[in-house]
Amino acid sequence: MAAQQLLLNVDNVSRVFGGLKAVSDVNMQIQDGELVGLIGPNGAGKTTLFNLLTGVYEPSGGKIHLSGESVGGLRPYQITKRGAARTFQNIRLFGDMTVLENVMVAYHMHARHSLFTSIFRLPGHFKGEAEMREKAVEFLKIFNLDGKKDEIAKNLPYGEQRRLEIARALAARPKLLLLDEPAAGMNPQETVDLMNLIRWIRDEFKITILLIEHDMGLVMGVCERIYVLDHGQIIASGTPEEIRTNPHVIEAYLGQEV
Amino acid sequence: SKSTSGGSNGDTIKIGANFEMTGGVAAFGQSQLNAIELAASEINAAGGVLGKQIEIIKSDNASKAEESTRVATKLITQDKVDILMGATTSTNTLAAVQVANDKKVPMVSASATNPNVTFDSKKGKLNEWVFRACFIDPFQGTVMANFSLKKLNAKTAVIFSDNAADYSKGLHKFYKEAFEKGGGKILAEESYQTKDTDFNAVLTRIKSLNPDVIYVPGYYEEVGKIVKQAREMGITVPMMGGDGWDAPQLVEIAGAAALNNTFISNHYSPDDPDPKVKKFVDAYKAKYNAVPDSMAVLGYDGMYMIADAIKRAGSVDKAKVKEALAATKDFVGVTGTLTLDQNHDPVKAAVILEHKDGKQVFYDKVQP
Amino acid sequence: MLAVDNINVFYGAIHALKGVSLDVKEGEIVTLIGANGAGKSTILKTLSGLLKPTSGSIQFLGDTIHGRPAQQIVKRGLCHCPEGRRVFANMSVEENLELGAYLRKDKEVKSDLEKVYVKFPRLKERQKQLSGTLSGGEQQMLAMGRALMARPKLLLLDEPSMGLAPLLVKEIFSIIKEINESGTTVLLVEQNANMALSIAHRAYVIETGKIVLAGDAKELADSDEIKKAYLGG
Amino acid sequence: MFEYIVQQLINGISIGSIYALIALGYTMVYGIIKLINFAHGDVFMVGAFVGYFAAKAGLGLFWSLILAMAVCAILGVLIERLAYRPLRGAARIVILITAIGVSFLLENLGIYALGPQAKGFPEIVTKTQYTLFGDVTINSVQIIVLAVTVILMVLLQYVVHKTKMGKAMRAVSYDMEAARLMGINVDTTISFTFAIGSALAGAAGVVFAVMYPSVDPLMGIIPGLKAFVAAVLGGIGIIPGALVGGLVLGIVETGVSSAGFSLWRDGAAFAILILILIFKPSGLFGKNVREKV
Amino acid sequence: MFNKKFFLYLVLSLVFYGVVQFLITGMWLNDFYVDTLVLIGINIILAVSLNLINGFTGQFSIGHAGFMSIGAYVSAIMTYNFQMSFPVALLAGCVAAALAGLVIGLPTLRLKGDYLAIATLGFGEIIRIVWLNTEYVGGASGMNGIDKLTNWTWTFFLVLITILVIQNIVKSTHGRAMISVRENEIAAEAMGVNVTKYKVYAFVVGAFFAGLAGGLTAHYFYIIQPTSFNFMKSFEILVFVVLGGLGSTGGVVLGTILLTLLFTYLQEYPELRMIIYSLILIFTMIFRPQGLLGGFSAKKMVKKGGSSQDGSSTTSA
Ligand SMILES: Nc1ncnc2c1ncn2[C@@H]1O[C@H](COP(=O)(O)OP(=O)(O)OP(=O)(O)O)[C@@H](O)[C@H]1O
Ligand SMILES: Nc1ncnc2c1ncn2[C@@H]1O[C@H](COP(=O)(O)OP(=O)(O)OP(=O)(O)O)[C@@H](O)[C@H]1O
Ligand SMILES: [Mg+2]
Ligand SMILES: [Mg+2]
């Protein structure tokens with residue numbers, strides 16, 4: 001993994017809620033193409049860190065750079081345009097839209113036809129829409145959801161909703177994909193399938209993935225590197241092996257045997 | 001609904017009634033409609049007009065101008081009425097004026113006081129098919145301005161009018177013109193909006209200006225509260241208004257004591273011993289269990305004015321009825337003797353009434 | 001203690017439970033396992049009166065409870081800790097716990113509150129925080145604490161370990177065991193089937209609205225079929 | 001000038017406390033079931049009419065108030081049962097439309113049964129005018145209204161935040177299903193909320209009619225709207241917010257009028273509302289709780 | 001959109017236009033029916049455009065009457081005071097209304113749900129009060145004597161254009177972006193949708209067509225006055241939308257037609273009119289809460305032959 005570029009640089013980032021320092025002076029560097037895990041006890045600040053990375057919250061201090069560009073103060077959609085897409089801990093699909101439409105929305109920012117073109121149904125509109133539809137269907141195929149493309153998203157079973165959320169995030173064509181507890185609510189078998197899927201996505205799309213997960217099987221199974229957050233601070237980082245045996249991590253997070 | 005006031009099913013004269021039966025000014029519409037139905041049933045009981053019974057076809061304009069246009073169109077094209085009546089307020093009437101003109105159907109508004117109803121000031125043209133039974137804003141406003149200058153010896157006045165009512169703004173304007181022309185000084189022009197209830201802020205302001213008189217051309221519901229609140233805060237100067245004050249509820253709302261030292265211009269005095277007035281007031285009371293307000297009495301006169309015109313026309317032919325209406329002369333109604341001028345506006349006397357312990361007392365009569 | 005006989009439940013036109021029968025005996029931990037969307041949560045919702053079965057019967061402590069409103073069922077000692085925590089986000093942690101004891105009129109509510117705080121020290125720390133701003137794990141603890149405040153005879157737990165850190169998962173399961181040992185019967189729905197089977201006495205396996213297997217928890221955990229389908233092995 | 005300002009301030013507080021009184025019921029219902037109960041202003045109107053008939057029948061202020069509150073409480077519960085309960089779980093805008101329907105229904109039943117004309121309200125309280133200093137006066141009804149409003153606000157705040165029923169109400173407001181699982185009878189709780197909210201509207205109706213002595217079937221529209229504005233201004237759903245919102249609205253309106261801009265009074269009130277919302281998107285007292293992502 | 005079905009609809013509507021025009025020319029349809037048709041058309045424009053804001057973008061706006069009044073007054077001033085031609089006047093009204101949509105859209109975007117609703121209501125009322133206090137446009141009495149330039153032909157084609165434009169927006173990636181804002185603002189933004197921009201688009205386009213409806217109204221009913229555009233008017237439009245089915249153009253058109261006809265028909269029963277109307281409103285909402293051609297996903301659910309809502313409340317089948 002030489003000659004790689006720094007994709008995400010989190011520099012001393014903090015976030016305060018009232019008196020609570022949910023994220024405090026976090027430093028994190030992720031190279032292009034890595035598959036990194038973020039773990040930590042409940043309430044450690046993992047989701048908050050994701051929210052900072054994606055512009056949902058503004059940092060109280062520190063800087064975040066994506067591909068060398070500062071993303072501080074940008075709105076979430078602007079950050080997505082710069083190449084970071086995410087899923088949510090509590091699923092946030094567009095419930096009343098079809099599966100296909102959910103994915104097409106993510107493709108929206110790549111659309112080249114303007115509102116004007118669409119209103120007057122100029123040729124650009126048809127070309128653009130057809131292209132988007134094609135691309136979206138392709139994505140659904142990858143996730144084995146193409147059979148359900150016309151279903152209303154909220155009617156899908158939970159596991160498929162999770163998959164759809166990942167598909168949607170991928171359709172935004174990110175350089176960095178952020179997954180917040182993708183395996184939550186899945187049984188062990190489903191988790192194994194998801195693990196394979198994540199690995200495959202990384203290889204297929206050549207993207208960088210940062211994921212939060214409490215399922216150690218998954219984290220240790222796919223991540224190349226892991227950060228451990230506790231009380232808003234990074235308490236350890238390293239390979240799964242290092243983390244598994246780190247006494248701080250065991251004490252704060254893993255518990256005795258894993 | 002097609003309610004037949006006389007019960008005749010032979011040849012009838014159809015009067016299309018375009019009124020505010022619901023919505024913001026339903027109180028006016030229903031009051032006037034009541035009196036119109038009363039008049040129609042009296043006429044029918046007396047054998048009708050030209051041997052024909054009068055049939056009133058009611059339609060609700062919901063106190064909205066667009067609806068009023070539609071209702072007028074419907075009454076003319078669907079119900080094929082011979083004559084239109086309504087609406088009560090100037091705006092709702094104006095909305096129907098064009099329809100009557102275009103379709104060449106005579107229309108009588110009993111209470112719309114805006115000059116434009118009969119005379120289109122922009123085009124400088126008479127609205128040929130439209131007539132009214134009430135005097136118009138300039139007359140009433142002028143009467144009270146002269147009254148305050150001459151009888152009350154006022155040098156200064158404040159006007160407090162309803163900014164959302166055309167009627168009120170009309171009186172406001174003409175009072176101001178006449179008062180200033182007569183050498184008086186308007187200290188302030190304040191306004192409220194229909195359905196307001198609390199006037200303390202403006203009244204406190206008016207009090208601090210200390211005018212000789214206060215002119216409040218509005219409708220009784222707000223006026224009652226204004227007078228009450230003014231007296232409560234110690235404003236004792238004379239207060240004046242127009243026929244909008246004339247309703248039995250005014251005393252209930254303002255209280256008899258508060259109304260002392262207030263004056264209004266009106267079409268008639270319900271306490272007038274004149275048998276014609278008494279007959280109307282009694283009949284209305286018997287039928288609706290309420291004292292008629294000015295909307296009612298104007299509607300009543302309007303209906304009789306139409307009957308009178310048809311009689312003179314000798315037929316219900318629309319053009320003939322129109323001619324006859326235009327030629328109305330010395331028609332004796334409850335509100336006095338009325339002659340239409342070249343603008344289709346009545347020339348008739350106004351009375352000035354004073355409130356004394358909750359009673360309207362005749363004060364003066366002003367000829368135009 | 002609880003006997004469910006042949007119940008059918010629909011969501012509109014969707015037939016979610018197809019003739020489900022099961023029973024829970026006093027003092028047991030019984031677990032329900034099954035894939036996503038199999039109908040596990042639906043069973044619990046039906047038991048606690050949030051859903052009404054179209055046919056079949058549910059007996060709890062000798063009373064018929066199906067078709068009764070939820071509050072009457074809670075009063076009889078059946079308490080449901082729902083999927084997804086469902087804490088009252090606009091209320092403080094303590095108020096949430098007090099609501100758990102809503103139907104109780106005895107004097108021990110206060111001391112039970114202290115007991116919950118002992119079990120979940122994190123909640124004590126966040127006593128006055130609005131529960132909506134708690135992290136996922138904190139909320140799960142709160143939801144369980146809240147259910148305990150009702151002093152249930154039968155506690156229905158829907159995926160209590162979802163989204164929890166490994167340390168807490170272990171803790172939660174040991175708390176479940178503790179709760180059970182102190183006399184509360186537990187019906188547990190879990191995705192984490194390994195863990196669930198390890199603490200349960202008996203288990204049911206549910207697939208698309210039907211019970212397909214039932215038996216002793218240890219035996220099921222050893223069955224190859226189950227291992228392949230649910231245990232990721 | 002100083003006297004003038006003080007007098008106007010008293011005027012503003014006086015009208016503001018009426019807005020606040022109506023807004024209390026509004027905010028309470030909203031706080032629990034997140035419904036903008038547009039029929040609230042019309043329940044207020046019914047309360048005023050009950051007071052009118054009671055007063056005509058010779059009852060004094062106290063019994064007229066009690067009667068109006070009782071009738072309105074029952075009416076509120078009935079409306080909830082018949083019109084809103086079948087829509088539990090439907091989109092909120094749908095219930096809003098139903099509320100508008102109920103509002104039209106009450107208004108027009110009123111017109112149908114009682115006629116559209118305003119009726120004078122009998123004088124059941126004798127107003128005494130007190131002079132504070134100089135020309136500044138305040139009357140007994142103004143004092144009573146303010147006192148009643150403040151007392152009711154404190155009482156409501158206590159009920160919602162300190163009693164068991166209040167806790168149940170807040171639980172229902174956040175998550176009905178979870179509330180059921182706590183053993184809370186959701187239907188009873190909501191009925192209770194409507195009963196209290198409507199009784200407050202009824203009380204406000206009588207007080208209003210005493211202060212501005214006339215009643216008519218459409219009298220609830222404008223005060224209803226103003227109270228809604230007051231509730232939003234203070235942070236809808238927040239009980240002390242209703243009081244503050246009402247007072248702010250009253251004082252702003254009075255201020256604009258007293259400065260000689262009476263034509264712009266309502267416009268200014270709305271402009272202030274919008275300005276406040278732009279800087280405090282959930283009203284003066286509303287906590288701007290952002291959805292946790 | 002430009003498929004077979006589209007052309008079928010287009011031909012059908014042109015045939016409808018032709019038949020009606022023929023009947024009008026032949027005097028088989030009297031003015032009252034024409035009135036009703038025009039009114040239905042105006043209401044459709046209002047409802048369909050409000051649906052873009054409320055139904056598709058999910059922004060709770062109840063200030064539509066304000067935009068409408070801008071279109072009405074501006075276009076009336078154009079023809080009445082400046083003798084402009086009708087189409088130019090209409091366009092001026094639309095543009096002015098759209099500008100107001102921009103002005104109102106921008107600052108209020110921070111607001112959500114009921115707070116947005118009251119702010120838009122407030123803006124609508126402020127606009128009304130401005131007209132009320134502007135003597136140039138007649139103050140309380142409004143402008144009267146406006147030429148009757150609107151007719152069946154104008155109305156029909158403008159309705160057609162409105163529906164086409166709105167549908168063209170909705171059935172495109174821009175429409176999906178708006179719908180995604182309605183569905184989940186946070187997720188929409190995370191997927192790269194500029195939420196603010198699309199809210200403003202919705203307000204501007206919605207206001208533009210509300211202005212169009214205002215212009216048509218002004219030139220059909222001779223008179224416009226501020227009270228015609230108060231918040232009750234906004235509610236009236238909202239009722240069309242919700243009753244027809246939020247987020248369903250077909251439903252909204254159908255709902256508007258039925259309600260307008262109902263209201264016209266009820267003129268026969270003036271005393272009971274509003275009572276019947278409000279009862280119908282309440283019952284429709286209770287029995288079809290998703291609207292006549294129901295809520296967001298109802299169409300698709302009907303196709304599937306099942307319905308699956310309210311798992312949240314106690315239900316049984
Ligand atoms: N909007 C907010 N307001 C106040 N406190 C907050 C807010 N968001 C998060 N917190 C607090 O910040 C801390 C970190 O929360 P966060 O959601 O990031 O945890 P987490 O690591 O994702 O936990 P979990 O694994 O349980 O999801 C928690 O204590 C939480 O209560
Ligand atoms: N409110 C609802 N409306 C319609 N269908 C529903 C609803 N809730 C659940 N279902 C359907 O009923 C079936 C059973 O769902 P249930 O929630 O009971 O599954 P589960 O076993 O608890 O799954 P999970 O592990 O995902 O929680 C699923 O097919 C689901 O899609
Ligand atoms: Mg998290
Ligand atoms: Mg479940």
Side-chain angles (χ1 to χ4, degrees), chain A residues 17-20 22 39-48 89-91 155-163 180-196 212-221 228-232 244 249-258, chain C residues 11-14 16 33-41 83-85 120 122-123 125-126 128-130 133-142 158-159 161-174 189-197 205 208 226-233:
Chain A
F17 291 116
L20 181 81
I39 61 175
N42 294 109
K46 305 180 294 296
T47 300
T48 307
Q89 184 168 356
N90 43 344
I91 299 180
N155 290 352
L156 291 184
Y158 187 82
E160 286 179 348
Q161 293 197 6
R162 280 251 171 244
R163 281 220 303 277
D180 197 345
E181 301 200 24
M186 293 194 173
N187 69 31
Q189 183 53 48
E190 290 164 328
T191 308
V192 170
D193 296 343
L194 179 71
M195 208 156 102
N196 295 328
I212 298 177
E213 189 47 74
H214 287 302
D215 187 313
M216 285 308 107
L218 187 144
V219 175
M220 301 292 174
V228 186
L229 208 58
D230 187 21
H231 287 104
R244 205 195 300 269
V249 181
I250 292 178
E251 194 203 333
Y253 182 62
L254 294 174
Q256 277 320 312
E257 7 69 88
V258 163
Chain C
Y11 289 104
I14 297 173
I33 58 177
N36 274 303
K40 305 179 296 291
S41 303
E83 185 175 19
R85 299 147 196 163
F120 303 102
R122 176 65 71 92
L123 295 184
E125 273 169 47
R126 301 292 168 92
K128 295 277 175 268
Q129 187 175 336
L130 285 189
T133 61
L134 295 176
S135 81
E138 293 160 348
Q139 290 187 356
Q140 184 61 55
M141 294 184 223
L142 179 58
D158 200 346
E159 308 211 17
S161 78
M162 195 210 273
L164 293 198
L167 192 63
L168 274 172
V169 173
K170 275 176 246 166
E171 214 176 305
I172 291 279
F173 276 101
S174 69
V189 164
E190 255 303 330
Q191 285 290 358
N192 197 336
N194 291 311
M195 283 291 243
L197 289 175
V205 178
T208 57
I226 298 290
K227 268 189 190 156
K228 235 179 93 197
Y230 302 106
L231 306 180

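Each chain gets a letter, A, B and so on, in the order the sequences are listed, and its residues count up from 1. The basis for the numbers below is simple: all heavy atoms, side chains too, and nothing from hydrogens, waters or symmetry mates.
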List the atom of [X], the atom of [Y], and the distance in Å for their closest heavy-atom pair.
X: A:Gly43; Y: C:Glu138; result: CA-OE2, 4.2 Å
X: A:Met216; Y: C:Pro166; result: CG-CG, 3.7 Å
X: C:Ala165; Y: A:Pro41; result: CB-CA, 4.0 Å
X: C:Leu167; Y: A:Glu251; result: CD2-O, 3.8 Å

Open item on the list: Going by the rule side chain to side chain contact (heavy atoms under 4.5 Å, CB included), which residues pair with A:Pro182 if we only count those two or more places apart in sequence or in a different chain?
Closed with: A:Ile166, A:Leu179, A:Leu194, A:Ile198, A:Glu213
Task: Structural part of A:Ala252 lying under 4.5 Å from a heavy atom of chain C - done: backbone
Task: Contacting region of A:Leu156 [heavy-atom separation from chain C under 4.5 Å] - done: neither
Open item on the list: Using heavy-atom distances under 4.5 Å, tell me whether C:Glu159 contacts chain A through its side chain, its backbone, both, or neither.
Closed with: side chain
Task: Set of residues satisfying side chain to side chain donor-acceptor pair (under 3.5 Å) with respect to C:Asp158, sequence neighbours excluded - done: C:Ser41
TODO: Could you check if a side-chain atom of C:Arg85 sits within less than 4.5 angstrom of a side-chain atom of A:Asn90, using non-hydrogen atoms only?
DONE: no
TODO: Calculate, to the nearest 0.5 Å, the distance between atoms CG and CD belonging to A:Asn42 and C:Gln140 respectively.
DONE: 9.5 Å
Open item on the list: Let's go through C:Arg126 and A:Leu20 carefully: what are the C-alpha distance in whole Å and the side-chain angles of both, what is the deciding distance for side-chain contact (heavy atoms from CB on, under 4.5 Å) to 0.1 Å, and is it a yes or a no?
Closed with: CA-CA 11 Å; C:Arg126 301 292 168 92; A:Leu20 181 81; 3.9 Å; yes
